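All of these numbers come straight from a predicted model, not from anything done at the bench.
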Amino acid sequence: MHLTPAMQDFILHWGEMGSKWGVNRSVAQIHALLHLAPEPMAADEICEALNLARSNVSTGLKELQGWKLVSTSRDLGDRRDKFHSIRDMFDLAHVVIEGRRNREFAPTIAALERVAQEADSDKTPPHIRARMSETLQTMQMFDKWYMDIARLPRSVQMAALKLGGRIARFLPKSD
């Protein structure tokens with residue numbers, strides 16, 4: 001696959017952002033390439049396009065498959081797996097957000113619940129317990145909000161996104 005300068009910049013930037021998101025730079029670059037690619041690509045084609053070692057590409061593809069960002073397919077008569085990213089940006093954003101919720105946000109809520117329960121039975125000062133409780137309640141509120149929104153039909157989610165900040169017109173005014 002021939003990469004234009006703009007495509008190279010996109011892939012390089014995605015790799016830079018990946019490292020800021022806690023993802024290996026090459027993994028993010030593989031994802032960016034597959035996101036841009038018009039057709040599924042074999043691992044050797046990915047190696048060639050990004051000038052990465054086969055082992056690096058194999059590891060990165062396994063990681064991306066584990067996150068459900070990349071799937072495989074095969075062509076008749078070709079023994080190689082072909083890899084492709086989620087094509088729909090809304091679906092891609094949903095998979096990323098849901099994955100981060102499951103890996104980061106939900107375990108933090110569970111840990112805060114355990115800590116709050118422990119603080120109730122040890123000698124944690126009341127003002128510290130109150131702070132812990134406020135943290136837990138706020139995170140639970142955001143999580144419940146996200147889960148409620150995630151259950152809505154896509155068309156409703158899209159309408160809410162397009163409405164954006166204008167939704168404030170329908171809410172009570174703050175003091």
According to a 4.5 Å side-chain heavy-atom criterion applied to Ile, Leu, Val, Met, Phe, Trp and Tyr, with indirect links allowed, do Met141 and Trp145 form part of one hydrophobic cluster?
no

Please identify each residue that fulfils side chain to side chain contact (heavy atoms under 4.5 Å, CB included) with Leu112, with sequence neighbours left out.
Thr108, Thr135, Leu136, Met139

Could you tell me which non-hydrogen atom of Ala119 sits nearest to which non-hydrogen atom of Met132, and how far apart they are?
CB-SD, 3.9 Å

Leu161 side chain reached by Phe90 side chain, heavy atoms, under 4.5 Å
yes

Leu52 to Ser26 - nearest heavy-atom pair and separation:
CD1-CB, 4.0 Å

How long is the gap from CG on Asp91 to CD on Glu98, to the nearest 0.5 Å?
12.5 Å

Taking CZ in Phe142 as the centre, count heavy atoms belonging to other residues, nucleotides or ligands within less than 6.0 Å. Is the count above 12?
no

Evaluate the side-chain proximity of Val70 to His84: yes if any heavy-atom separation is below 4.5 Å, no if none is.
no

Taking all non-hydrogen atoms of both residues into account, name the closest pair between Leu3 and Gln8 and its distance.
O-NE2, 3.1 Å

What is the minimum heavy-atom distance between Arg25 and Ser19, and which atoms define it?
NH2-OG, 4.4 Å

Apply side-chain contact (heavy atoms from CB on, under 4.5 Å) to Glu134 and Gln137, showing your working.
CA-CA 5 Å; Glu134 177 190 17; Gln137 289 171 7; 5.5 Å; no

With sequence neighbours excluded, what pairs up with Trp67 under the ring-ring contact (aromatic ring centres under 6.0 Å, His included) test?
none

Sequence neighbours excluded, which residues qualify as side chain to side chain donor-acceptor pair (under 3.5 Å) partners of Glu104?
Arg100

How long is the straight-line distance from CG of Leu64 back to CD1 of Ile30, given to the nearest 0.5 Å?
6.5 Å

Residue pair Tyr146 / Ile97, side-chain heavy-atom distance below 4.5 Å:
yes

Sidechain-backbone polar pair: Asp75 side chain, Asp78 backbone, donor-acceptor under 3.5 Å
no

At what distance, to the nearest 0.5 angstrom, does CG of Leu34 lie from CD1 of Ile86?
11.5 Å

Anything under 30° is parallel, anything over 60° is perpendicular, the rest tilted; go ahead and classify His35 against Phe10.
parallel

Give a yes or no on whether the backbone of Ser55 and the side-chain of Thr59 come within a donor-acceptor separation of less than 3.5 Å.
yes

Working to the nearest 0.5 angstrom, can you tell me the gap between Gln29 CD and His13 NE2?
12.0 Å

Please list, one pair per line, the donor and acceptor atoms closer than 3.5 Å that link side chains of residues 41-49 to other protein atoms, with sequence neighbours excluded.
| from | atom 1 | to | atom 2 | distance (Å) |
| --- | --- | --- | --- | --- |
| Asp44 | OD1 | Arg80 | NH1 | 3.2 |
| Asp44 | OD2 | Arg80 | NH1 | 3.3 |
| Glu45 | OE1 | Ala42 | N | 2.6 |

Pairwise distance CZ(Arg114) to CD(Gln117) - rounded to 0.5 angstrom
10.0 Å

Has Arg79 got more than 12 heavy atoms of other residues, nucleotides or ligands less than 6.0 Å from its CZ?
no

Taking the side chain as everything from C-beta on, heavy atoms only, tell me whether Leu33 gets closer than 4.5 Å to Met1.
yes

Between His94 and Ala150, what is the shortest heavy-atom contact and its length?
CE1-CB, 4.5 Å

Kindly work out whether a path of hydrophobic side-chain contacts (I/L/V/M/F/W/Y, heavy atoms less than 4.5 Å apart) joins Trp14 to Leu36.
yes

Is it the case that one hydrophobic cluster holds both Val96 and Met158, taking links as side-chain heavy atoms less than 4.5 Å apart, direct or via other members?
no

Validation row: His31, Leu92 side chains within 4.5 angstrom (heavy atoms):
yes

Answer yes or no: is there a side-chain heavy-atom contact under 4.5 Å between Thr72 and Leu61?
no

Provide the closest heavy-atom pair for Leu152 versus Gln157 in the form atom of the first, atom of the second, distance.
O-NE2, 2.8 Å

To the nearest 0.5 Å, atom OG of Ser71 lies from atom CZ of Arg87 at 11.5 Å

Residues two or more places apart in sequence or in another chain: which of them pass salt bridge (Lys or Arg N to Asp or Glu O under 4.0 Å) with Glu39?
none

For Arg131, does the CZ atom sit with more than 12 other heavy atoms under 6.0 Å from it, leaving out its own atoms?
no

Salt bridge (Lys or Arg N to Asp or Glu O under 4.0 Å) involving Arg54 - partner list, sequence neighbours excluded
none

